Amino acid sequence: MQYWLFKTEPDAFSIDDLANMPNQTEHWDGIRNYQARNFLRDQIKQGDQVFIYHSSCKDVGIVGLAEVVKEAYPDHTQFNPETKYYDPKSTQDKPRWYMVDIKFKQKFDHLLSLKAIKQMADISEVGLVKKGGRLSVMPVPEHEFRVLLKQATQSQ
DNA sequence: GCCAACGTTGGC
DNA sequence: GCCAACGTTGGC
């Protein structure tokens, strides 16, 4: 079991959108960064736990929890010229981009803001607080996952 | 909307 | 394979 953080822009797709999907499940398409792709394709497994993080909005931070329900398979948007994720260099034989399916588990009562995360003494390894934190899919060390989850779920 | 920090592209 | 130019991300 591993732990991850997925970023999303809530204007495009928020945790509420995920919760309102049929079966509360959605494929996480549109990842177009090689490092993030490698995590998706090689390391993310069914049952892994995923923090959902809202970026580029008024209230940035971790908003909830989801679970991986389907492991990596080709992101179909790369083959579709109609989408902004179309990649003309990708082929059906050798897809360049992958995605996983995640299912909504929980929305936290309170946002765990980026500011608060940066102030937490035990949080030093997760990419959010380090350089290179712009990855849209990043691993979360188990002990930091636990600290963050506890902080996010305890009443304030 | 600004801009710093990255990542990608492509000429050489 | 270098590196300048360009594009994107994302916090503020």
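Quick note: numbers below take in every heavy atom, side chains included, and nothing from hydrogens, waters or symmetry partners. Here the structure is a predicted model, which is why all the values come from computation and not from measurement. Protein chains get the first letters and strands the later ones, always in sequence-line order, with residue 1 at the start of each.
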Separation of atom [atom1] in [X] from atom [atom2] in [N], rounded to whole Å:
{"X": "Arg96(A)", "N": "dG7(B)", "atom1": "CZ", "atom2": "P", "result": "17 Å"}
{"X": "Leu135(A)", "N": "dT8(C)", "atom1": "CG", "atom2": "P", "result": "17 Å"}
{"X": "Leu128(A)", "N": "dC6(B)", "atom1": "CG", "atom2": "P", "result": "14 Å"}
{"X": "Lys118(A)", "N": "dG10(C)", "atom1": "NZ", "atom2": "C1'", "result": "10 Å"}
{"X": "Asp87(A)", "N": "dT8(B)", "atom1": "CG", "atom2": "C1'", "result": "12 Å"}
{"X": "Arg37(A)", "N": "dT8(B)", "atom1": "CZ", "atom2": "C1'", "result": "14 Å"}
{"X": "Tyr85(A)", "N": "dT8(C)", "atom1": "OH", "atom2": "P", "result": "12 Å"}
{"X": "Tyr34(A)", "N": "dT8(B)", "atom1": "OH", "atom2": "P", "result": "7 Å"}

Measuring from the side chain of [X] (C-beta onward, heavy atoms only), which nucleotide among [options] has the closest atom?
{"X": "Lys89(A)", "options": "dG10(B), dG11(C), dG7(B)", "answer": "dG10(B)"}
{"X": "Ser55(A)", "options": "dC6(B), dG11(C), dT9(B)", "answer": "dG11(C)"}
{"X": "Arg134(A)", "options": "dG11(C), dC6(B), dG7(B)", "answer": "dC6(B)"}
{"X": "Leu114(A)", "options": "dC12(C), dT9(B), dT8(C)", "answer": "dC12(C)"}

Does Tyr53(A) have a side-chain nitrogen or oxygen under 4.0 Å from the phosphate oxygens OP1 or OP2 of dG11(C)?
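Yes, Tyr53(A) has a side-chain N/O under 4.0 Å of OP1/OP2 on dG11(C).
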Side-chain N or O of Lys7(A) closer than 4.0 Å to phosphate OP1/OP2 of dT9(C)
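The answer is no; no side-chain N or O of Lys7(A) sits under 4.0 Å from OP1 or OP2.
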Plane angle bin for His76(A) and His27(A) - parallel if under 30°, tilted between 30 and 60°, otherwise perpendicular:
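Correct class here is perpendicular.
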Please walk me through it: do Asp75(A) and Arg37(A) pass salt bridge (Lys or Arg N to Asp or Glu O under 4.0 Å)?
CA-CA 10 Å; Asp75(A) 179 343; Arg37(A) 187 279 310 271; over 6 Å; no
Is it true that Ser55(A) and Arg134(A) share a donor-acceptor pair across their side chains at a distance under 3.5 Å?
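Absent: no donor and acceptor within the cut-off.
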So, Tyr73(A) and Asp101(A): side-chain donor and acceptor under 3.5 Å apart, yes or no?
yes
Quick one: pull up CZ in Phe51(A) and OH in Tyr3(A) and give me the separation to the nearest 0.5 Å.
9.5 Å
